[in-house]
Amino acid sequence: MGRRAPLPALVAVVLLTGCHHGDGATAQASAARLVAQVPLAGPGFPPDAAAAKGLLARLTVGWGKNWETYKREDFGRYWSDETDAVGGRNGCDTRDDVLRRDLSELREGDRNPCVVVSGVLHDPYTGKTLPYSYRKASQIQTDHVVALGAAWRGGAYAWTPQRRLAYANDLDVLLAVDKQTNQDKGSRTADKWQPPRAEYRCEYARRYVGIKAKYALSVTPPEKTALAGMLATCPQTGLGPVA
């Protein structure tokens, strides 16, 4: 992926200098345009069911390694915009990018185009409707669809720190979901945890396989079987030959 322009610094300069010169509206519009330059999803992500089945067939199959050495901080201690992953270098906090993408009835900050003031999440995992307000405790968390611990066992133990940081902040890897459900999921792989809402399991598997393929992560035999089972629930209309 090519390196993008250093948008965080530009956003900060535009917002600050605009206020000092009394041209706040113009500055805010410029900052919003800079933020909008960076897409919140990778091209063709998530793959459709047919593509996901083909990708799953080509994933390396093996048992996870080095599980005992996993530490959360190996993927970075905090959200970071300083990566070339999807959503990176747009001047916004990763979590705000996820909220801007996944919430409906979205209200963004008047002065800062990154900040999500309020919105509503239709939780994909449970079907719950969860309101969000910037100033109130939230029942929404940001989930790594393929958990960091699972990614570690599937090959991330061998990555550079920068690649692990990119993975942890890649919007294709992330979803806004119900807090309790995310905590229940933990670091479980697809053979040990599936979304309680059965209607979402097709898309969950598509995302999961897309992430594994994008980062060349391995799957265990039970994990592959579980993913194939979820992909089998996808609507068949319009699908091509299955690899």
Side-chain angles (χ1 to χ4, degrees), residues 4 7-20 22-42 45-46 72 75-83 85-145 147-148 167-186 195-197 199-200 203-204 207 211:
R4 302 187 183 100
L7 293 182
L10 292 175
V11 170
V13 169
V14 169
L15 288 173
L16 292 174
T17 58
C19 293
H20 286 301
D23 194 14
T26 300
Q28 290 150 24
S30 297
R33 284 195 295 273
L34 290 174
V35 170
Q37 288 178 16
V38 179
L40 300 182
F45 193 90
R72 171 62 180 86
F75 288 84
R77 290 184 178 274
Y78 309 104
W79 294 121
S80 175
D81 190 47
E82 296 302 310
T83 79
V86 175
R89 306 188 192 281
N90 67 348
C92 299
D93 180 272
T94 302
R95 182 172 182 270
D96 278 330
D97 279 335
V98 173
L99 292 174
R100 288 192 299 118
R101 184 195 64 191
D102 292 352
L103 268 56
S104 61
E105 302 176 39
L106 192 67
R107 181 186 164 205
E108 297 171 292
D110 293 332
R111 297 181 62 183
N112 186 339
C114 295
V115 173
V116 175
V117 177
S118 64
V120 175
L121 175 68
H122 300 285
D123 175 42
Y125 288 172
T126 65
K128 294 178 182 177
T129 298
L130 302 173
Y132 173 82
S133 174
Y134 179 77
R135 299 187 182 279
K136 296 181 181 178
S138 173
Q139 293 304 307
I140 299 170
Q141 281 189 343
T142 306
D143 178 42
H144 292 89
V145 174
L148 301 181
Y167 180 89
N169 290 274
D170 186 339
L171 298 189
D172 284 348
V173 177
L174 300 168
L175 278 179
V177 300
D178 173 59
K179 176 180 179 179
Q180 185 59 57
T181 306
N182 185 41
Q183 292 175 350
D184 292 343
K185 175 192 172 191
R197 179 171 162 251
E199 294 84 355
Y200 190 70
E203 181 168 338
Y204 182 74
R207 288 183 174 275
I211 293 164

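All values below come from the heavy atoms of this structure, side chains included, with hydrogens, waters and symmetry mates left out.
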For a side chain to side chain contact (heavy atoms under 4.5 Å, CB included) check, start with the C-alpha distance between I211 and F45, then their side-chain angles and the critical distance, and finish with the verdict. CA-CA 9 Å; I211 293 164; F45 193 90; 3.8 Å; yes

Would you compute the distance between atom CD of Q180 and atom OH of Y125 and round it to the nearest 0.5 angstrom? 14.5 Å

Could you pull out all residues at least two apart from Y132 that satisfy ring-ring contact (aromatic ring centres under 6.0 Å, His included)? none

Evaluate Q141 against Q183 for side chain to side chain contact (heavy atoms under 4.5 Å, CB included), listing each step before the verdict. CA-CA 9 Å; Q141 281 189 343; Q183 292 175 350; 3.4 Å; yes

Can you sort out the partners of D170 under side-chain hydrogen bond (donor to acceptor under 3.5 Å, both in side chains), two or more places apart, ordered by chain and number? K214, Y215

Compare all side-chain heavy atoms of V120 with those of L130 and state whether any distance is below 4.5 angstrom. no

Report the residues that fulfil side-chain hydrogen bond (donor to acceptor under 3.5 Å, both in side chains) with T181, sequence neighbours left out, ordered by chain and then residue number. D178

Considering all heavy atoms of both residues, which atom of V177 and which atom of D123 are nearest to each other, and what is their separation? CA-OD1, 3.3 Å

I'd like to know if R89 pairs up with D81 as an ion pair, taking the criterion as any Lys NZ or Arg NE/NH1/NH2 lying under 4.0 Å from an Asp or Glu carboxylate oxygen. no

To the nearest 0.5 Å, how far apart are CZ in R197 and NZ in K128? 13.0 Å

Any chance you could measure L121, atom CG, to L103, atom CG, to the nearest 0.5 Å? 5.5 Å

Shortest non-hydrogen pair, G91 vs C114, comes out as O-SG, 3.4 Å

Could you go step by step and tell me if Y134 and V116 meet the side chain to side chain contact (heavy atoms under 4.5 Å, CB included) rule? CA-CA 7 Å; Y134 179 77; V116 175; over 6 Å; no

Do the non-hydrogen side-chain atoms of L106 and R100 ever get within less than 4.5 Å of each other? yes

Yes or no on side chain to side chain contact (heavy atoms under 4.5 Å, CB included) for V98 and L171, after CA distance, side-chain angles and deciding distance? CA-CA 7 Å; V98 173; L171 298 189; 3.7 Å; yes

Rounded at 0.5 Å granularity, tell me how far CG in N182 sits from OG1 in T126. 11.5 Å

Ignoring hydrogens, what is the shortest heavy-atom contact between A176 and P124? Give both atom names and the distance. O-CD, 3.7 Å

For S133, is there any backbone N or O sitting under 3.5 Å from a side-chain donor or acceptor partner on R107? no

Closest non-hydrogen atom pair, R72 against G76: NH1-O, 2.7 Å

With a 4.5 Å cut-off on side-chain heavy atoms, are D143 and K185 touching? yes

What is the minimum heavy-atom distance between L174 and R101, and which atoms define it? O-NH2, 2.6 Å

Which heavy atom in V145 sits nearest to a heavy atom in R207, and how many Å separate them? CG1-CB, 4.4 Å

dist D93:CG -> L99:CG (nearest 0.5 Å) comes out at 9.0 Å

At what distance, to the nearest 0.5 angstrom, does OG of S118 lie from CZ of R135? 11.5 Å

Do T129 side-chain atoms and H122 backbone N/O form a donor-acceptor pair below 3.5 Å? no

Check: N169/T94 side-chain N/O donor and acceptor closer than 3.5 Å: yes

Compare all side-chain heavy atoms of Y167 with those of D172 and state whether any distance is below 4.5 angstrom. no

